[in-house]
Structure formats: C-alpha cells, structure tokens
Amino acid sequence: MWGAATSAYQIEGAHDEDGRGESIWDRFSHTAGKIANGDTGDVACNHYHRYREDIGIMQKIGLGAYRFSVAWSRVLPEGRGQINQRGLDFYQRLVDGLLEAGIQPYATLYHWDLPQALQDAGGWPARDTALAFAEYAKIMAQAVGDRVASWATFNEPYVSAFAGYFQGRHAPGHQSLDEMLATSHHLLLAHGLALPALRANVQGEVGIVLNLQQHEPASESELDAEAAWLADGKHNRWYLDPLAGRGYPADAVADFGHPMDFVQAGDLEAIAAPLDYLGVNHYFRTIVHSDRPGNLPVSNIKREQTTDMGWEVYPPGLYDILTRVNRDYSFAKLYVTENGFSRTVAPDSAGLIVDNERIGYHRDYLRQAHRAIQDGVPLAGYFAWSLLDNFEWAHGFRQRFGLVHVDFETLERTPKESAWWYRDVIRSNGERLAD
Ligand code: IFM
C-alpha cells in the first residue's frame, strides 16, 4: 500500500467553524511564546474547506491510501456528551470523497489534539480521559466504520506524554514526570478500552502507531550499551512491551523509580488485546552516550546529512528498527505510517519545486524498507510524511515536510518534484526504486 499521511490540527484549519470545540493545541498555539513566529493552526492548509482539491491531488499522485486523523473536538466539542453533527459530517464527506477517488481511508483517532474541556478536567494524567476516548472511538466507529479501511487509535503516544507533559514543548505544556508516566499509561489504557468498541463496529483493521527508533550506543563501552538499552526501555519498549502483553519494562520502571500506582487490575490485559497491525513512524536513529564517570569518549560515528529539523538522515535505521520489532515481537503486520524529510525549497524560475534531497530521502528509506521485506518483515505499506506542507507543531510553518508545497499566504498547492517521483514509484509498484 502506497500512501501519504497528515493530521487534523496540522492541516484542517477552520478551528472555530461549524461547532468545533477548542483543543489543547488551539489553547497552546494561542499562548504567546509557544510556537515559532506566533503561528497557529487556525487556518493551516484550510483542508476543511479544500479537501476536495486535496483528494484531487492525491489522485494525481496515485495514492492508494490516505492517512488522516480526526479532530476529537470537531466531533465532540466538550470531549464527551453532545455530538456535533456538522463536525461528524466533515469526516463522512472526506471518507466518501476518498472512496469515490479510489483511495483507501486510513483513520487515526488521536493525533495530539485533546479537547480542551477534557484537559480542564485533568487531561491525560486523569484516568477518566481514557474512558472518554473509548466513547469517542465508538461514535467514530459507528459513523464511518463501514467505510474506513484501517484504524489507528493513537499516533505516537510517546510524544503526547513526553513532549506534552514532561518537556512542555507541546500542548498542554506541562513539565512533570508523574504526569508523563500517568499519561503514557492512560493513553495505552484508552487504546485498550477503545478496541472492543472498534472491533464491534468496524469492518477494517485496527492498530496503533508508535514512533520508534533504534537507540545505538555511542561507543563500544559497556556503559554506553547499558544506557542505550535503558533509553530504548523508556521509549520503544515502554509502549511495545505492554501492547505485546509483557507489561512495562522492569529496567525502565526501576529507573523511573515511580510506584506506577495508576496501573489498575485488568489494565494490562486490556492494553494487550490483539492488534491487526503496528504502525511505525520513523525519521532518525538515536545515539546514546552515558555520562557516567570513566566512560569512553563518543566513537567515530559519522552523522550524515541532516534535515531542516536537524535530524540525521540514516536510511539503514529504518531497516534496523523494522527487523528489530519483527524479531522481538510478533505483530501480524507492520506499516511505515510516517517517514519524511523537512527542507524548504523555493520554486525555481519555471515555478517548479525541485526537491531532490527529499526524493533521495524517500528513495533511500524505501530501499531499506524493501530490504526489510526481503528479510521477512511483514511490511504492508509506506506512508510518506506528509502529503502537504503543514503546521509543524512548535516549529509552526517553518518546517516543510510536504510532497506538495503550500503557499501559506494564498494556500495555493503545488506538487513538488518529489510528488511526481513518488507517483512514478507507485505506478511501478516500487520498481522505480531500483533506478
Ligand atoms: O509532523 C509530525 C507528525 O505530526 C508526527 N510525527 C512526526 C512529524 C514530523 O515531526
């Protein structure tokens, strides 16, 4: 399956139209100093009004699938209770429009935009938010469950918990280890509680999307190896292990030194319900250097080109994480649900956006994905991040990941050369990657 991905707050705009409620990202982006350049998602790509044009662009690229997320507060302005029919209708129109265009809808229920009303009631550190999520999931499943090919409960719960409740660089901007840990559990619990409602009401497959990357020791030293494994435990295994029925990783729990008293009887069983697939978002690897006294210096690891985000481009990292997940866990199917490259390239004199570096990035990562398939990984699809240039969270509009350029003054869309290259890859079902 060849696709591209977006998320609601990053592209939809129409933040206060047709009854949509406020989300934590509205509140956060409207708070001075939180987002570069004071940008907000109020208008973003105005996809809410221009989705038909965007579906047309997807058709031109030849996408087989489009991965989008639903804005919870568009459907339930207060997070639970009264349904906003006009908000629900938007997703009905989107799903129907995609199907008419021959594109499979891949829906994510939560891509970071918690209704502000639920944050006011305690947010993800409060267990009740998980129950509210299960109610919302049921509403969406009943509304479009007959037509959506693939469901993800959550996108990157690690980032919601870490950046939102510990670092404070994402909404709601808190800085608390207690809150981060409770959030991580309640996100997973919400996933587990939503699964029965989804299973009962949808025809498509159901899974979850994690951002995963290898944590590599910075030298040959044992200290670096230990530190890298612990970092893996706090990031990758923290989510993978409970989903695979193994509970939270003991080494990471011990290192956090937290009583984990938010875990109640039955939670881990709910979280471990079988999945049809695991979505892997991957951008870069992490190199871990222990700061314990007596450690060796960082070895001669050579970092390749970086993106405008400052992220290392290291295509074998995708092979490494896919084969590792497949070796250590037994998910029936994997997708690469996000992978992409941020670089601003201005149109040339002929109006073309010649983004050769992005082409090289997708080509090289796709080759590694192919290698993983050859080595037995049940990889069923690849989703480029992102279809459109969009609101890149705390970076605002300055980071451009899109296959399609968006002029944020006029909102005009212009497919970049990478979009046409991807079209050719899709047409050839990957044969083009050999060129
Ligand atoms: O834009 C984000 C997306 O929302 C989640 N995954 C990473 C992307 C690039 O930072």
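Residues: numbered from 1 along the sequence shown. Remember, it's 1-based here, ligands and their atoms both numbered in the order they're listed. As the structure is a computational prediction, the values presented were derived from the model and not from experiment.
- A side-chain donor-acceptor contact under 3.5 Å links Tyr48 and Asp18.
- Residue contacts with ligand 1: Trp393 is placed with a nitrogen or oxygen under 3.5 Å of a nitrogen or oxygen of the ligand (distance criterion only).
- Ligand 1 places these atoms under 4.0 Å from at least one heavy atom of Glu156: 5 (C), 6 (N), 7 (C).
- Polar contact check, Ser7 against ligand 1: no nitrogen or oxygen pair lies under 3.5 Å apart.
- Counting protein heavy atoms only, atom 5 (C) of ligand 1 is closest to Glu338 OE1, 3.2 Å.
- Checking Trp112 against Ser7 by side-chain atom types alone, no donor-acceptor pair falls below 3.5 Å.
- Counted by atom type alone, Gln116 and Asp120 present one or more donor-acceptor pairs between their side chains at under 3.5 Å.
- In this structure, His111 is part of the shell of residues with a heavy atom less than 4.0 angstrom from ligand 1.
- At least one side-chain heavy atom of Asn155 sits under 4.5 Å from a side-chain heavy atom of Arg67.
- Looking from atom 10 (O) of ligand 1 to the surrounding protein, the closest heavy atom is Glu392 OE2, 2.6 Å.
- Of the candidates Tyr283, Phe341, Trp112, the one placing a heavy atom closest to atom 8 (C) of ligand 1 is Tyr283.
- Looking only at atom types and distance, the side chain of Tyr158 has no donor-acceptor partner in the side chain of Asn236 under 3.5 Å away.
- Taking 4.0 Å as the cut-off, Trp311 counts as a neighbour of ligand 1 on heavy-atom distance.
- A cation-pi contact, defined as under 6.0 Å to the ring centre and within 45° of the axis, is absent between Arg423 and Trp2.
- In this model, a donor atom of one side chain and an acceptor atom of the other lie less than 3.5 Å apart for Ser29 and Tyr9.
- Taking distance alone, with nitrogen or oxygen atoms compared against 3.5 Å, Gln10 approaches ligand 1 more closely than that limit.
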